[in-house]
Amino acid sequence: MDQLTVEKLDIPQISEIGSFEQQLPSYWTKGSEPGNSTLSWATDESHSMGRSLKITKTTTSEAAMWESENMVDLWSERHFKDVDIDMGIYYKTSGVNTNPTTEDQKWYVSYSFYREDGSLIGEKKFELDQSVSSKTEWTLAETAIGEISLPEDAYKTIIRFVGGKDATGTVWADDFKLNGRGGWLGQDWNTQVGVPTGWFYWLPPNGGNDGQLNAGYENTRITDEYAYNGLYSLKFDIPVGSHDGFVGTRKYPVSGVVPGDVIRISVWIKGMNLNPDSAAAVGDAWSVALTPIFHNTIGNNAGWGEFWSRDIPLKFPNVTSFDWTQFYIDVPVPEGALALSVRLHPLGRFSGTVYMDQLQIQKNEVTDVKNGKGTPVIYNLAQNFPNPFNPTTTISYSLPERSNVVLKIYDMLGREVKTLINEEQSEGNYNITWNGDTNFGAKVASGMYLYRIEAGKFNQVKKMILLK
């Protein structure tokens with residue numbers, strides 16, 4: 001136990017996703033760790049991103065095993081049939097038993113594919129080379145071209161890294177490949193095992209699961225060089241180039257909020273080796289962004305379900321380095337949101353070193369939707385307040401840029417009741433009061449009314465109730 005704190009919270013908190021202190025890699029569990037074996041998320045050896053899965057064991061009562069969660073998650077609802085699969089694993093060995101004669105003496109990595117009803121479609125097992133006791137260089141075991149394609153779609157894919165019960169020695173495994181050759185197979189997640197529980201990465205050119213980690217994001221890793229809180233932070237160390245990539249949270253259920261509520265997403269950042277002149281010349285493409293994404297799906301086999309997202313660049317100080325600073329954005333919860341994910345996202349032209357820590361997501365009591373400098377980042381129409389109302393109510397809205405704005409009240413038959421705004425307005429946050437009257441000054445009857453905003457390409461309608 002460590003660092004117990006007690007504090008008064010003035011705003012309801014949705015989720016504190018937190019830091020990078022977790023002690024297990026995302027999407028991986030200790031499936032079996034019998035006596036005389038040790039499973040570790042190791043830093044002493046890695047093929048990329050500074051971490052690997054490690055098993056050290058002598059003879060045990062059962063096999064020792066790292067086991068993945070269902071790798072059919074996030075973007076793809078299935079792993080698809082009739083696609084040639086480039087599948088494999090990088091590994092190193094030290095002092096392992098040689099020339100096994102039984103299955104229990106073998107070290108192996110397996111990929112198992114399952115139908116929707118949970119029955120097994122098939123398994124590909126990579127038996128690791130035990131002809132010598134130690135392999136000091138990373139070795140790739142990989143399917144040949146045309147060797148493996150699924151005869152039917154898989155709804156669950158599980159990867160297992162196993163030391164049989166009579167296998168001995170130490171083995172490291174990293175960069176678990178699962179990539180379609182010449183077609184979309186679907187994705188697997190955290191196969192570089194570099195980020196902890198709750199996170200995932202997307203690294204160029206194809207998410208990292210193709211094994212081509214040579215576009216700068218191979219320097220992305222959890223580090224103890226600096227931390228805002230605790231021992232670890234996430235480090236992006238990106239050379240000059242034109243690439244895109246991110247580390248993001250997994251999808252979290254949206255609870256404790258309703259459409260129109262505003263949530264604040266904040267993160268602490270430390271910057272080094274920055275080039276503010278380039279940032280000024282290139283603009284947002286040379287920036288680090290927070291990318292909130294709302295989803296109308298959650299869970300395996302549901303697909304990505306993205307229906308609102310935006311890269312929101314953060315405005316760094318005009319310096320080559322800065323110490324830990326909190327940056328934040330405010331965004332409203334849209335209708336239909338079931339889940340939220342957030343990307344820590346150096347944009348395509350960004351170059352430099354940033355450390356990130358303590359991402360937080362909180363409900364905000366204010367209705368303004370702003371970035372850390374006070375400028376709205378999206379168009380937004382808030383729910384009127386109070387609602388129901390009598391005799392007046394206030395409608396709030398936000399403009400991220402100068403726009404022609406039309407805000408009108410309608411009855412439930414779609415007939416215009418009142419034009420509140422019809423003019424060009426600068427970016428900013430606005431409030432306007434409706435007194436329950438028509439364009440001609442008459443008072444309207446009790447009942448339900450609609451209010452609609454049109455601003456640029458944005459339009460939205462909400463309901464309100466006048467109750468006398």
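A donor-acceptor pair under 3.5 Å is absent between the side-chain atoms of Ser233 and the main chain of Asp357, judged by distance alone. With hydrogens and angles ignored, the 3.5 Å screen pairs a side-chain donor or acceptor of Tyr201 with a backbone N or O of Gln192. Checked by atom type and distance alone, the side chain of Tyr91 pairs as donor or acceptor with a backbone atom of Asp129 at under 3.5 Å. Here the side chain of Thr93 pairs no donor or acceptor atom with the backbone of Gln130 at under 3.5 angstrom. Remark: side-chain polar atoms of His345 are not paired, donor with acceptor, to backbone N or O of Val247 under 3.5 angstrom. Not one N or O on the side chain of Ser94 forms a donor-acceptor pair closer than 3.5 Å with the backbone of Thr170. Not one N or O on the side chain of Asp153 forms a donor-acceptor pair closer than 3.5 Å with the backbone of Arg78. Looking at Asn219, its side chain never comes within 3.5 Å of a backbone N or O of Lys235 through a donor-acceptor pair.
Arg51 forms no cation-pi arrangement with Phe20, by the criterion of a distance under 6.0 Å to the ring centre and an angle within 45° of the ring axis. Judged by the 6.0 Å and 45° rule, Lys124 forms a cation-pi pair with Phe126. Cation-pi contact between Lys156 and Tyr114: present, with separation from the ring centre below 6.0 Å and deviation from the ring axis of at most 45°.
The distance from atom OG of Ser52 to atom CG of Asp174, rounded to the nearest 0.5 Å, is 5.5 Å. Atom-to-atom distance recorded for Thr59:OG1 and Asp166:CG is 5.5 Å, nearest 0.5 angstrom. Considering CH2 of Trp138 and CG of Asp175, their distance stands at 7.5 Å, rounded to 0.5 Å. Between Lys92 atom NZ and Glu45 atom CD the span is 3.5 Å, to the nearest 0.5 Å. Expressed to the nearest 0.5 Å, how far CD of Gln22 lies from CH2 of Trp41 amounts to 7.5 Å. Rounding to the nearest 0.5 Å places CG of Leu338 at 7.5 Å from CD1 of Ile298.
Two residues are said to be in side-chain contact when any heavy atoms from C-beta on lie closer than 4.5 Å; Asn209 and Lys177 fail this criterion. Proximity of Glu401 to Tyr379: side-chain heavy atoms (C-beta onward) are separated by under 4.5 Å at one or more points. Under the 4.5 Å side-chain criterion, counting only non-hydrogen atoms from C-beta, Trp304 is in contact with Ile293.
Aromatic pair Trp75/Trp189: centroids less than 6.0 angstrom apart. For Phe176 and Trp66, the ring centers sit 6.0 Å or farther from each other. Side-chain rings of Tyr355 and Tyr232 stay apart, their centers remaining 6.0 Å or farther from each other.
In summary, the side chains of Asp117 and Ser119 do present a donor paired with an acceptor at a separation below 3.5 Å, with no hydrogens or angles considered. No hydrogens or angles considered: nothing links the side chains of Asp82 and Ser149 as a donor-acceptor pair under 3.5 Å. Between the side chains of Tyr155 and Glu77, no donor-acceptor pair of N or O atoms lies under 3.5 Å. With no hydrogens or angles considered, no side-chain donor-acceptor pair links Ser19 and Gln358 at under 3.5 Å. Using a 3.5 Å distance cut-off with no hydrogens or angles, the side chains of Asp44 and Trp172 do pair a donor with an acceptor. Neither side chain, Tyr90 nor Ser48, offers a donor N or O lying under 3.5 Å from an acceptor on the other.
The two atoms that bring Phe327 and Pro317 nearest to each other are CZ-CD, 4.3 Å, heavy atoms only. When every heavy atom of Leu120 is checked against every heavy atom of Arg115, the shortest pair comes out as O-NH1, 2.9 Å.
Identified under the salt bridge (Lys or Arg N to Asp or Glu O under 4.0 Å) test for residues 179-206, with sequence neighbours left out: Asp84-Arg181, Asp86-Arg181. Residue pairs satisfying the salt bridge (Lys or Arg N to Asp or Glu O under 4.0 Å) criterion with at least one member in residues 55-69, sequence neighbours excluded, are listed as follows: Glu67-Arg160, Glu69-Arg250.
For Asn296, the side-chain hydrogen bond (donor to acceptor under 3.5 Å, both in side chains) criterion is met by no residue, not counting sequence neighbours.
Look at Arg264 and Asp330 and you find a salt bridge, because one of the NZ, NE, NH1 or NH2 atoms lies within 4.0 Å of a carboxylate O, short of that distance. Ion pairing between Glu103 and Lys125 holds under the 4.0 Å rule for side-chain N and carboxylate O.
The aromatic rings of Phe316 and Phe322 stand perpendicular to each other, their planes meeting at an angle above 60°, with 30° marking the opposite boundary.
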